[in-house]
Amino acid sequence: MADSRDATSIYWVEPRRRAILPLDGFHLSRSLRRVIAADRFRVTVDRAFERIIALCAGSAADRPDTWINAMIEEAFVRLHALGHAHSVECWDGERLVGGLYGLAVGRAFFGESMVSRAPNASKVAIASLVARLRAGGFSLLDCQFMTTHLSSLGAQEIDRADYMELLGAALSSTGSSAAPSSAAPDVAATAGGDFLALDGAAGADGAVPGKVVVQLLGQTS
């Protein structure tokens with residue numbers, strides 16, 4: 001993280017308690033279900049990564065500053081070019097009104113930031129992300145820090161030890177629950193989730209129909 005948009009350095013943060021969103025525990029309210037099923041927004045993936053990260057880094061009335069500085073932005077644009085970082089975009093016509101971006105490693109997805117410039121846009125983006133992760137065989141959605149918004153969608157806060165166990169399983173090629181060692185895992189050797197597994201259901205505009213998303217979220221594991 002950085003102290004501000006204009007900061008020239010970054011630092012690492014490791015919460016003692018971590019927010020995760022269990023992929024089989026997403027809270028799909030009736031109102032959100034209707035918004036998704038009606039395709040209120042056109043939801044795409046990796047169509048506007050740089051615009052999403054810039055939107056997340058921009059100031060807003062409820063957030064005059066941000067922790068995303070140029071170093072972080074440049075690093076994630078590079079990770080996206082390498083196929084590791086992804087974005088989910090919500091469009092109202094041709095206007096980008098919300099979305100999120102994050103990093104996929106193994107069967108874990110690390111949500112970095114989300115943004116909303118229209119009611120329900122960020123909720124639809126997260127719902128679409130959860131459906132995509134479920135379809136792609138992921139096992140962990142790391143939300144980092146708990147917020148009221150995330151809590152309303154089913155996120156939970158867990159101790160570091162429990163998080164490390166889930167992370168170890170998500171990064172393990174065997175799927176065991178052993179915690180990772182202090183050394184960084186060989187990402188290329190892990191059994192990774194398929195972030196693009198849902199693309200086969202997308203239309204010509206790159207959007208997966210809302211009814212498909214609702215169906216995936218309604219399935220029990």
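These values consider heavy atoms only, across backbone and side chains, with no hydrogens, waters or symmetry-generated copies. The first residue in the sequence is number 1, and the count goes up from there.
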Checklist entry - CZ of Arg78: more than 12 outside heavy atoms within 6.0 angstrom? => result no

Item to check | Worked verdict on Ile126 versus Leu21 for side chain to side chain contact (heavy atoms under 4.5 Å, CB included) | outcome: CA-CA 10 Å; Ile126 296 176; Leu21 206 167; 4.0 Å; yes

Next on the checklist: Below 30° counts as parallel, above 60° as perpendicular, anything between as tilted: where do the rings of Phe195 and Phe138 land?
Outcome noted: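 Taking Phe138 first and then Phe195, their aromatic rings stand perpendicular (interplane angle over 60°).
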
Item to check | Pair Thr44-Arg42, side chain to side chain contact (heavy atoms under 4.5 Å, CB included): steps then yes or no | outcome: CA-CA 7 Å; Thr44 59; Arg42 178 169 58 91; 3.7 Å; yes

Between the side chain of [X] and the main-chain N/O of [Y], is any donor-acceptor distance below 3.5 Å?
X: Asp199; Y: Ala202; answer: no
X: Asp142; Y: Gln144; answer: yes
X: Arg132; Y: Val45; answer: no
X: Asp159; Y: Ala161; answer: no

Next on the checklist: Between Leu55 and Arg117, does the side chain to side chain contact (heavy atoms under 4.5 Å, CB included) criterion hold? Intermediate values first, please.
Outcome noted: CA-CA 9 Å; Leu55 198 62; Arg117 294 291 184 265; 4.3 Å; yes

Item to check | Glu89 and Arg47: CA distance, side-chain angles, deciding distance, salt bridge (charged side-chain N to carboxylate O under 4.0 Å, His left out) verdict | outcome: CA-CA 7 Å; Glu89 305 100 12; Arg47 292 294 183 97; over 6 Å; no

Checklist entry - Are Glu165 and Arg160 close enough for a salt bridge, meaning some N to O gap below 4.0 Å? => result no

Checklist entry - To the nearest 0.5 Å, how far apart are CG in Leu196 and CG in Asp46? => result 6.5 Å

Is the closest side-chain heavy-atom distance between [X] and [Y] below 4.5 Å?
X: Asp92; Y: Arg95; value: yes
X: Phe145; Y: Leu150; value: no
X: Val124; Y: Val43; value: yes
X: Gln156; Y: Arg17; value: no
X: Lys123; Y: His149; value: yes

Next on the checklist: Under the criterion side chain to side chain contact (heavy atoms under 4.5 Å, CB included), I'd like the reasoning laid out for Tyr101 against Ile68: C-alpha separation, chi angles, the key distance, then a yes or no.
Outcome noted: CA-CA 12 Å; Tyr101 78 94; Ile68 304 171; 3.5 Å; yes

Checklist entry - Under 3.5 Å, is there a donor-acceptor pair between the His27 and Ser152 side chains? => result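 No pair is found: no donor N or O on one side chain lies under 3.5 Å from an acceptor on the other.
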
Next on the checklist: Name the residue from Val212, Val213, Val214 that meets the side-chain contact (heavy atoms from CB on, under 4.5 Å) definition with Leu216.
Outcome noted: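 That would be Val212.
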
Checklist entry - Among Val130, Leu140, Leu103, Leu133, which residue meets the side-chain contact (heavy atoms from CB on, under 4.5 Å) test with Phe109? => result Leu133

Next on the checklist: For Ala135 versus Ala197, what's the shortest heavy-atom pair and its separation?
Outcome noted: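 Closest approach of Ala135 to Ala197, heavy atoms only: O-CB, 3.8 Å.
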
Checklist entry - Do Arg18's NZ or CZ and the ring of Tyr163 fall within the cation-pi criteria of under 6.0 Å and 45°? => result yes

